[in-house]
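Worksheet: one structure, shown below.
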Amino acid sequence: MIKIILPDGSEKEYKKGISAGEIAREISEGLFRKALGALVNGELYDLNRPIESDSTVKIITDKDPEAPVIFRHTIAHIMAQAVVRLYGKNVKLAIGPVIENGFYYDFDLEEKISEDDLPKIEAEMKKIIKENLPIERFVISKEEAKELFKDQPYKLELLEDIEDETVTYYKQGEFFDLCRGPHLPSTGKIKHIKLLSVSGAYWRGNEKNKMLQRIYGTAFAKKDQLDEYLKMLEEAKKRDHRKIGPKLELFMFENELAPAMPFFLPRGAKVINELLEFSRELHKKYGYEEVITPLIMNIKLWHQSGHWDHYKENMYFTEKDDVQYAVKPMNCPGHILIYKSKVYSYRDLPIRMSEFGKVHRYERSGVVHGLFRVRSFTQDDAHIYCTKEQIEDEIIKVMDFTNELYSAFGFEYEADLSTMPEDHMGDEKTWEVATEALRKALEKSGINYKINEGDGAFYGPKIDFHIKDSLGRKWQCATIQLDFQMPERFDIHYVDNNNELQRPVMIHRAIYGSIERFFGILIENFAGAFPTWLSPEQVAIIPVSDKYIDAAKELYEKLDSEGLRVKLDASNATVGYKIRNAQMLKIPYMIVIGEKELETKKYNVRTREGNTVEDLELEDFIKTVKEEIKNRSLKLSY
RNA sequence: GCCGACGUAGCUCAAUUGGCAGAGCGGCUGACUUGUAAUCAGCAGGUUGGGGGUUCAAGUCCCUUCGUCGGCUCCA
């Protein structure tokens, strides 16, 4: 007999080898029907897998966060089964894991699967679901497994890497797959599935390996969850900054002549300048001094910095008078030259040097993506030169800075702390001190963070920040990196209180990260409807007919002189048409001016959200909007 | 870079089996003088991404090149 402890704390004795399914059935038939799997001592179990020793058992139903892992994994198998049915036995199966919002499976087969084939595969999957095939788990020796999977080269390769002597495989109808599990008890349990896309993927993500065909899909326990997810994808598509951006005349690309290098149009440049202005205010507040460095510098600099050795592939080069130059991919070497241009006392530290540095990095053609991944972009970069003792304080200041900046956009965020990788520079003690300083700063800030062991840069540990947008998507933006290498390479120092030369620590940090990228995130987050302070145009003036253009011009002058960004629509169109245009450009406020306004000197203000406020005194409107802008408010005032 | 899909007017998209390149929006011109999400009419706009080939004939078929899109991290 074994002892089973349930989540409510109750204990019961069962026969050894009892399954979670049987336990569930004993509790209630309803629970058994809803059960998808179980958590046994924290490990996910199939419903019918025997429990061999004293355990805590929690039955998983579709309400539990673990549920999708189980049923999506099963759906991945169902998809593989469908593909084998449709394309024949010569399909070679690779891997089919669960991912954040769904699953995929990689196949190696002669025929090309295209998006057009997805409905066919989906239909076959639904058939398999309808067949409600029982899913069985088998434990076999590795030798037996090699025999069983002798026609499946990828499975054999996976077997090579498994250290345990026994492995498990799962079988449903005619289909079986090497798999750790767990799975649903039968293929009929989850019905709400959708195949999303096909793509190529290298075996084990390594581009030296064969390119396989990958099918992505998703599955949900409830139909409305699936619908909601598909709706979210639709919404994300509608907000795609690559579509909205050109439509709102924010930016463009010229694909032939400057691929992956954005051009900002007048409306976009206004937003960017507001972002820079905001950032400058904060930089000033947090004690930074702005510098400006050259875009291209002699190749010698890049040899000394190590970029030639480690980053050459991503750099652009140019030549003049037989001298080789590199276009800067990073700002640090330039900043170091400024640091080196004078002698610092320990009293001067920390030195906080910032730059809106435009950098160029060659990115492979397949990875560029709108404003999110480009070849030329602007970093809100800064380098802090300080003593080891100052690291923690400085990190905390950077985190405060980050918090203040992100809050202004309403973003929540999380952080990752990446520690010493195997291949690293500098002694381990320095790493320890530095990592500890980062960790302490994170603790003090109270933000959510997780540790990525061994994921730091070779020159120092780092913290990355991920913001969450209005659709719940995460984006990496800010980064704080400690650097022990650059100060060594450039032999920089400060004079300590014993008049001895000391090596400062260098902290790289960026908060927006890339202005271009952050701009793209903002476009998607606000779906193009920027808060007033960021809006390219803040007020649209719409004369009822050309009789009122002079009055409209006067109003324009007034608002313009108050520092508002105003658009006067003097076109010969109807009011409705001009309202529509302003609406499409997502201009926050619209003022129609006609006979009534001339008489009363009071105005009706319409917002892009469709609200209309009547009979406003102009001075009140100006005051309110100016206040809204000054506060960088996320909400409209009316 | 690699796998797959795609590239037609400024934008969104049409164009039977290869058979006269079209529409809406936008633009221009004119009429209308407009009251809170599209007034009406006329006109202009194209080497069908570039280059090469097959054919009596290519937007359509083949080759090549450039670019765009979905992916290539999630380890049975």
Side-chain angles (χ1 to χ4, degrees), chain A residues 73 76-77 80 93-106 108 112-117 142 145 149 152 154-162 164 167-170 176-181 183 196-216 237 240 242-243 246-247 249 252-260 313 362-370 455 540 542-549 571-585 590-597 604-608 610-614:
Chain A
H73 205 161
H77 276 210
L93 303 172
I95 58 169
V98 173
I99 53 175
E100 196 173 341
N101 286 309
F103 61 87
Y104 66 79
Y105 210 113
D106 287 347
D108 183 3
K112 303 284 181 217
I113 299 176
S114 83
E115 310 251 324
D116 302 337
D117 299 321
K142 241 160 95 170
F149 290 101
Q152 291 290 349
Y154 299 100
K155 299 295 173 187
L156 291 177
E157 201 179 319
L158 291 169
L159 278 168
E160 289 302 321
D161 292 348
I162 295 175
D164 301 341
V167 297
T168 54
Y169 78 92
Y170 284 77
F176 59 91
D177 194 5
L178 180 70
C179 183
R180 182 164 49 196
H183 284 282
L196 298 169
S197 61
V198 283
S199 71
Y202 297 104
W203 168 236
R204 302 197 143 178
N206 185 335
E207 53 193 85
K208 293 200 173 64
N209 290 339
K210 184 162 186 191
M211 176 70 67
L212 308 173
Q213 299 190 63
R214 173 173 296 181
I215 303 179
Y216 284 93
K237 224 189 224 167
D240 193 324
R242 291 168 302 181
K243 279 193 103 83
K247 215 180 242 168
E249 294 178 27
M252 59 168 236
F253 284 96
E254 213 305 321
N255 294 323
E256 298 291 326
L257 305 175
E313 298 305 310
Y362 174 77
E363 299 283 356
R364 296 191 300 172
S365 63
V367 305
V368 297
H369 181 101
D455 223 22
I542 296 170
V544 170
S545 76
D546 20 339
K547 274 195 278 184
Y548 307 102
I549 284 186
S571 69
N572 181 17
T574 59
V575 172
Y577 187 81
K578 287 189 267 198
I579 292 278
R580 181 182 147 84
N581 275 344
Q583 192 76 39
M584 304 262 269
L585 288 172
M590 294 158 237
I591 300 180
V592 175
I593 179 164
E595 194 58 37
K596 198 192 116 203
E597 285 72 17
N604 294 352
V605 171
R606 179 199 160 100
T607 71
R608 66 179 170 214
N611 304 327
T612 308
V613 186
E614 300 190 357

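The analysis underlying the following values was restricted to heavy atoms, covering all of them including side chains, and did not include hydrogens, waters or symmetry mates. Chain A is the first sequence line, chain B the second, and so forth, proteins listed ahead of strands; every chain is numbered from 1.
In this structure, A:V98 reaches the sugar-phosphate backbone alone: every heavy-atom distance under 4.0 Å involves primed, P, OP1 or OP2 atoms, never a base. Heavy atoms of A:G576 sit under 4.0 angstrom from primed sugar atoms or phosphate atoms, though from no base atom. Residue contacts shown for A:Q583 include a base, since a base heavy atom lies under 4.0 Å away.
Counting only heavy atoms from C-beta on, A:V367 has its side chain closest to B:G1 among B:U68, B:G1, B:U33. Distance from the side chain of A:N572 is smallest for B:C32 among the nucleotides B:C32, B:G27, B:C74. Distances from the side chain of A:R214 to the nucleotides B:C72, B:A37, B:U34 place B:C72 closest. With distances taken from any side-chain atom of A:L158 to the nucleotides B:G67, B:G35, B:A76, the minimum falls on B:A76. The side chain of A:K596 approaches B:G35 more closely than any other nucleotide in the set B:G67, B:G35, B:U39. Nearest nucleotide to the A:C179 side chain, out of B:C69, B:U36, B:A76: B:A76. Closest to the side chain of A:V575, from the set B:C72, B:G35, B:U39, is B:G35. Of the candidates B:C66, B:A38, B:A76, the closest approach to any side-chain atom of A:V167 belongs to B:A76. Out of B:G71, B:G4, B:G67, the shortest distance to the side chain of A:Y216 is found at B:G71. Closest to the side chain of A:V592, from the set B:G35, B:U39, B:G4, is B:G35.
When the P atom is used for both B:G53 and B:A14, the distance is 30 Å, rounded to whole Å. If you take atom P in B:U48 and the same atom in B:G22, they sit 13 Å apart, rounded to whole Å. The gap from the C1' atom of B:C13 to that of B:U8 amounts to 9 Å, rounded to the nearest Å. The separation of B:G59 from B:G51, taken at their P atoms, amounts to 13 Å, rounded to a whole angstrom.
Not a single donor-acceptor pair, N or O on each side, falls under 3.5 Å between the base of B:G71 and the side chain of A:Q213. For a distance-only test at 3.5 Å, the side chain of A:D546 qualifies as a donor-acceptor partner of the base of B:U33.
Note: A:H77 and A:H183 have tilted aromatic rings, judged against thresholds of 30 and 60 degrees for the angle between ring planes.
Remark: A:R242 is in phosphate contact with B:C69, judged by side-chain N or O atoms under 4.0 Å from OP1 or OP2. An OP1 or OP2 oxygen of B:A5 is reached within less than 4.0 angstrom by no side-chain nitrogen or oxygen of A:S114. A sub-4.0 Å separation between OP1 or OP2 of B:A76 and a side-chain N or O of A:R180 is present.
Put simply, CG on A:N206 is 21 Å from P on B:G71, counting in whole angstrom units. In this structure, the OH atom of A:Y202 is 12 Å from the C1' atom of B:G4, given to the nearest Å. Rounding to whole angstrom units, CD of residue A:E363 and P of B:U68 are separated by 13 Å.
For the pair A:R608 and A:R364, nearest-nucleotide mapping onto RNA chain B gives the more 5' position to A:R364. For the pair A:Y548 and A:H369, nearest-nucleotide mapping onto RNA chain B gives the more 5' position to A:Y548.
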